[in-house]
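Counting begins at 1 with the first residue of the sequence.
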Amino acid sequence: MINKIALSVADALADLKDGSTILIGGFGTAGIPNELIDGLIEQGAKDLTVVNNNAGNGETGLAALLNTGRVRKIICSFPRQADSQIFDALYRSGKLELELVPQGNLAERIRAAGAGIGAFFCPTGYGTELAGDRETREINGKHYVLEYPIHGDVAFVKAECGDRWGNLTYRKAARNFGPVMATAARKTIATVHDIVELGTLDPETVVTPGIFVHRIVRIERVATQAGGFKK
């Protein structure tokens, strides 16, 4: 019997290893799997590479993980904002490596990993420092930069609903990077607010099929600083 339900966040993260590349869903404060991030802090894995759109807000969630000093590198598109003081301090002191990636490139590099694409050419970043020393090519009169996929050892995804096979649905903007990250990682761990019986989810509404998900764990609903769920 296939049953991917973990009894707790700690159980879901028990075998996460040092040196892992972790894809963390979320955009700003929408869809951030904070319970999994907090569980990772407790679990203790170090020397991590983290992939997320941002580099943490305030002093909770991803920012709190960075503050432990156990993240070696972060790959993101928007690291600096009004409350990114933890990232700023670590980066400026040389304690955190940053790979800055344009937002569309970030999404497509992750999607390419899940689709089995070896590399692709993208126009964004051509002629700028972001292109670095990567190969460039002119195609039909337009210049492109060679981009490589971003693979993950583990993906952390916040979903809305799931079943014991790992099929997932999401809530509106909280979906964001979740579906592509689930396909790009060797192992996907998802939090859900509701676990339903098999057959309850309409197959046409399943966004992330269970084949891409290895563990799910139920969490309570909590409000976010940006509004989120309200009682």
Side-chain angles (χ1 to χ4, degrees), residues 4 6 9 12-41 43 45-57 61-66 68 70-79 87 96-120 147-160 162 166 168 170 173-192 207-217 219:
K4 300 178 180 179
V9 168
L13 303 179
D15 56 358
L16 200 147
K17 296 179 174 57
D18 294 349
S20 295
T21 295
I22 304 178
L23 313 179
I24 299 180
F27 187 103
T29 56
I32 293 286
N34 283 321
E35 291 78 5
L36 294 178
I37 297 172
D38 291 343
L40 176 58
I41 294 172
Q43 193 263 1
K46 58 184 183 297
D47 192 33
L48 303 171
T49 296
V50 167
V51 182
N52 182 256
N53 186 71
N54 301 86
N57 298 83
L62 181 53
L65 175 61
L66 295 180
T68 65
R70 302 206 305 263
V71 178
R72 177 182 61 83
K73 177 180 179 179
I74 186 163
I75 302 173
C76 68
S77 69
F78 193 72
F87 164 80
L96 180 65
E97 181 182 349
L98 168 67
E99 181 179 342
L100 188 64
V101 183
Q103 193 171 81
N105 290 21
L106 181 69
E108 184 63 9
R109 288 177 65 187
I110 297 168
R111 192 199 69 81
I117 296 172
F120 62 94
E147 297 283 358
Y148 291 93
I150 298 175
H151 296 269
D153 296 301
V154 182
F156 287 177
V157 171
K158 182 176 183 178
E160 177 71 11
L168 302 178
Y170 298 82
R175 175 190 304 194
N176 52 72
F177 286 89
V180 291
M181 286 184 168
T183 68
R186 293 185 178 90
K187 178 182 294 182
T188 295
I189 302 170
T191 59
V192 296
V207 180
T208 297
I211 192 172
F212 296 113
V213 179
H214 298 78
R215 294 172 191 158
I216 68 170
V217 57
I219 60 168

Would you say the side chain of [Y] lies within less than 4.5 Å of the side chain of [X], judging by non-hydrogen atoms?
X      : Y      : answer
Pro179 : Phe212 : no
Leu106 : Val51  : yes
Val71  : Ile22  : no
Arg111 : Thr183 : no
Ile24  : Ile37  : yes
Leu23  : Phe177 : no
Pro79  : Ile74  : no
Cys76  : Asn54  : no

Report the distance from atom CG of Asn34 to atom CD1 of Ile41, rounding to the nearest 0.5 Å.
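Nearest 0.5 Å value for the CG-CD1 distance: 9.0 Å.
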Looking at CD1 of Ile150 and OG1 of Thr21, how far apart are the two atoms once the value is rounded to the nearest 0.5 Å?
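That separation rounds to 9.5 Å.
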Does [X] reach the main-chain N or O of [Y] with its side chain, forming a donor-acceptor pair under 3.5 Å?
X      : Y      : value
Asp38  : Glu35  : no
Arg109 : Tyr148 : yes
Asn52  : Leu62  : no
Glu147 : Asn105 : no
Arg70  : Ala45  : yes
Arg215 : Ala12  : yes
His214 : Thr188 : yes

Smallest separation among heavy atoms of [X] and [Y], with atom names:
X      : Y      : value
Tyr170 : Gly178 : OH-C, 3.8 Å
Ala155 : Met181 : CB-O, 3.5 Å
Pro33  : Val157 : CB-C, 4.2 Å
Ala113 : Ala184 : CB-CB, 3.8 Å
Pro102 : Ser77  : C-CB, 4.0 Å

Hey, mind stepping through Ile216 and Leu168 against side-chain contact (heavy atoms from CB on, under 4.5 Å) and telling me if it holds?
CA-CA 9 Å; Ile216 68 170; Leu168 302 178; 4.1 Å; yes
Just do the side-chain contact (heavy atoms from CB on, under 4.5 Å) check on Ile189 and Leu36 with the steps written out, would you?
CA-CA 8 Å; Ile189 302 170; Leu36 294 178; 3.9 Å; yes
Taking it one step at a time, do Asp15 and Lys187 satisfy side-chain contact (heavy atoms from CB on, under 4.5 Å)?
CA-CA 11 Å; Asp15 56 358; Lys187 178 182 294 182; 2.9 Å; yes
Suppose we screen for side chain to side chain donor-acceptor pair (under 3.5 Å). Which residues come up paired with Lys17, at least two apart in sequence or across chains?
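Listed in chain order: nothing, the list is empty.
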Heavy atoms of other groups near Ile211 CD1, more than 12 under 6.0 Å:
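Check fails, neighbour count at 12 or below.
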